[in-house]
Every structure is written in C-alpha cells, then in structure tokens.
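First, the structure itself, so that you have it in front of you.
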Amino acid sequence: MISEFDIIRKYFTRPASTAVIGVGDDCALLRPRPGMMLAVSTDMLLAGRHFFPDAEPAELGHKALAVNLSDLAAMGADPRWALLAIALPEADEKWIAAFAEGFFRLAARWEVELIGGDTTRGPLSICITVIGEVPPDLALRRDAALAGDDIWLSGATGEAALALAYLEGRARLDGAARDACLARLHTPEPRVDLGGRLRGIARSAIDVSDGLLADLTHILEASGIGGDLAWDNIPRAQAIAACRDEALAQDCLLAGGDDYELLFTASSFKRSEIEALGKDLDLPLTRIGVVVPGEPRVTLHDAKGNPVPVARKGFDHFG
Ligand code: ADP
Ligand code: MG
C-alpha cells in the first residue's frame, strides 16, 4: 500500500508557483502582494453529513474546493492559496487520483495554488482552508448593508436542494432538469469572478450555502436592519418552476442551501452598473428585494403586497 508521504508527493505536490515555499516543509511561506489584505476561510466536508460516502471522488475534489472559493468570492477576495487536510479510510490510489484531479482542475481555473495540508487515516473527511487577497476597505462584509439598498441574487437557488430531495426519494426529476440539478449539487460553480467585480459596487455580500432566507438573515443581523423580498421576483430555475410539489419547490428556493450563489446589497444608484456586470459575466443578477429600517428579519410579500408565509429559513447543523 502507498505510504502517507508518497500520497502527498504523488498526488498533492505541484511545483510552487507563487508561494515562496509550498508543500514539503513545516510551513508554507507566502508573500502577499503589497498593500493587499488577506482573506482566510475554512470549510469542512464530512462523509455522511455533507456528501454521500460513495460520492464520485473527482466531483468531491471539485466541490470541497468550490465551497471554499465561494467564501472568498462572497468577501470580494481574489483566491490565491489553499491548504487541504484530508482523512482517508484507506490509501485507495484510484480514488485519491480522481479526487486530486477534480481539485486541481478547479484550482487551475482560478490560479489557486495548493501550498500544504495534512493527510491522515480515518473516516473520510476533507477540510480545506483558502487564502485570498482583497484591497483593504473593499472587502464585501456582512455588516455593511444600509436601509434603501437593493437586495440582489446571482443565478438562482434551489436546484441543489431539489437534487438532494430527488436522491433521497422525496422528489421526481428526469431528463435535462435532473442533470442540471445534480450538477448544481455535485459540482457547484463558485462565483469568483462576480465577487471580485462587486468590489466597490456592492455594499455587503454573503454566499448562499445554508438557504436564501437564512443567509440573508445573517446580513441583516450583522447590519442591524430589516429586509423585504418580493416573492415573484425570486428567480426560478427551470426544475424549480416545473416542480409539482409547491411546498417542496418553495422550501428548496428559500431554504434549500448548497447553492453557492452570491446574495448582495447595493445602493440603488448602482443598478445599471450591476446589470451591465451581469451581462458581461453572462450570469443573471436579479433584484429580489430591499433593505428596510427595522428589526433584522426577512419579510416576503406577493405581487399584491400580501405577506407570503414561510415554513423554514434554512439549514442549521444543530437546529
Ligand atoms: P508535519 O508532520 O510537519 O505536519 P506532514 O508530514 O504532515 O508535516 O506534511 C508534510 C508536508 O506535506 C507539509 O508541507 C504539509 O503541508 C504537506 N501536506 C500534507 N498533506 C497534504 C495534503 N493533503 N495536501 C497538500 N499538502 C499536504
Ligand atoms: Mg502534518
């Protein structure tokens, strides 16, 4: 069987490009670009909790990095480096090779360099730390939303949660809708470009990982302000629009999670700039509501202005 150090050498070591020292020493050594602030985030994925134990390894390598890049995007940071701590039940080289392939393919797209990590034997789990750079004062914080700001959403929410419902036998899906939803669940696309381009445009931002309403509430609580969403303006992916189970579709849309879209607020003076940005990135950016004075709560209204009742806001590991 291959040893720990051979796994690291063979699958997780690439020549250092931007790091002064990458994989191989006791620490990596990094030189941030002059004047930049570091943005650092970590996210853990456990088999049986965040993914099925028999998940396709290349997709898992992609997703583990993608969810971390999404956090950098939500901060408006440019990704630079990553650390990978991984526990493997056994040294299955085919599995490790596929995992590394999925990881490095996404890393290469955003010029992220793997600079270190830890490799151990144990129940399958993956913990990635990412480091990015953002100019001071331009980071997209959660606590900066102001009353009167528009609330914007990239892409559309709900498809990943619908895919999960399908895999758990709670929903029917087939054809193109099934493929689209499964792709959203297994290989999410972090909105890295958008995050960087929103610097100086958005006032606050978060990535939608726990559910649209739950994550909007995080912005509202941090900013000490309320939010009102127009139910009809929330974008519906085809599979969500076509879903016959209305309660399930609503739950996926508003509370599903695992979306990795960016939810952000911006002054209404920025509307045309944001619309142009969406066109440039070929990514729908939709104005779904407004920040309002008051308690840090989300309200939802229909076209007639009547409140829309909501069953659940999102995901909480201890909820
Ligand atoms: P130490 O015992 O000093 O923690 P390790 O033997 O754990 O060192 O790791 C040796 C080198 O390999 C270190 O540079 C570490 O960052 C790197 N490394 C270990 N596991 C991984 C991994 N899964 N991916 C990338 N680098 C790794
Ligand atoms: Mg170690």
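When a residue number appears, it is its place in the shown sequence, counting from 1. Just so you know, ligand 1 is whichever comes first in the structure, and atom 1 is the first atom listed for that ligand. Remember, it's a predicted structure, so these values are computed and weren't measured experimentally.
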Legend entry - Carboxylate-amine/guanidinium contact Arg191 Asp207, below 4.0 Å: no
Legend entry - Basic-acidic side-chain contact under 4.0 Å: Arg105, Glu101: yes
Inset, instruction - Please determine if Arg184 and Glu261 form a salt bridge, counting it only when a charged side-chain N lies under 4.0 Å from a carboxylate O. - result: yes
Legend entry - Gly116 neighbourhood, listing ligand 1 atoms whose heavy-atom distance to it stays under 4.0 Å: 16 (O), 24 (N), 25 (C), 26 (N), 27 (C)
Inset, instruction - Pull out every atom of ligand 1 sitting under 4.0 Å from any heavy atom of Asp118, numbered as shown with elements. - result: 7 (O), 19 (C), 20 (N), 21 (C), 23 (N)
Legend entry - Contact partition for Asp25 relative to ligand 1, non-hydrogen atoms under 4.0 Å: backbone
Legend entry - Check: Ile115 N/O within less than 3.5 Å of ligand 1 N/O: no
Inset, instruction - Using a strict 4.0 Å cut-off to heavy atoms of Phe5, name the atoms of ligand 1 that fall inside it. - result: 6 (O)
Legend entry - Quiz item: cation-pi between Arg203 and Trp152, 6.0 Å / 45°: no
Legend entry - Tyr11 touching ligand 1 at heavy-atom level, < 4.0 angstrom: no
Inset, instruction - Tell me which one of Cys127, Ala85, Gly117 gets a heavy atom nearest to atom 19 (C) of ligand 1. - result: Gly117
Inset, instruction - Give the atoms of ligand 1, by number and element, whose distance to some non-hydrogen atom of Leu114 is under 4.0 Å. - result: 24 (N), 25 (C)
Legend entry - Steps toward side-chain hydrogen bond (donor to acceptor under 3.5 Å, both in side chains) verdict (Asn306, His301): CA-CA 5 Å; Asn306 297 319; His301 69 267; over 6 Å; no
Inset, instruction - Of all the heavy-atom pairs spanning Ala147 and Ile225, show the shortest one and how long it is. - result: N-CD1, 3.4 Å
Legend entry - Those atoms of ligand 1 less than 4.0 Å from some heavy atom in Gly24: 11 (C), 13 (C), 14 (O)
Inset, instruction - Grab the two heavy atoms, one from Cys181 and one from Leu173, that are nearest each other, plus how far apart they are. - result: CB-CD1, 3.9 Å
Inset, instruction - Taking only heavy atoms of Thr119 into account, list the atoms of ligand 1 that are under 4.0 Å away from them. - result: 19 (C), 20 (N), 21 (C), 22 (C), 23 (N)
Inset, instruction - Please could you name the atoms of ligand 1 that Asp26 approaches to less than 4.0 Å, counting only its heavy atoms? - result: 3 (O)
Legend entry - Ion pair Arg197/Asp280, N-O distance below 4.0 Å: yes
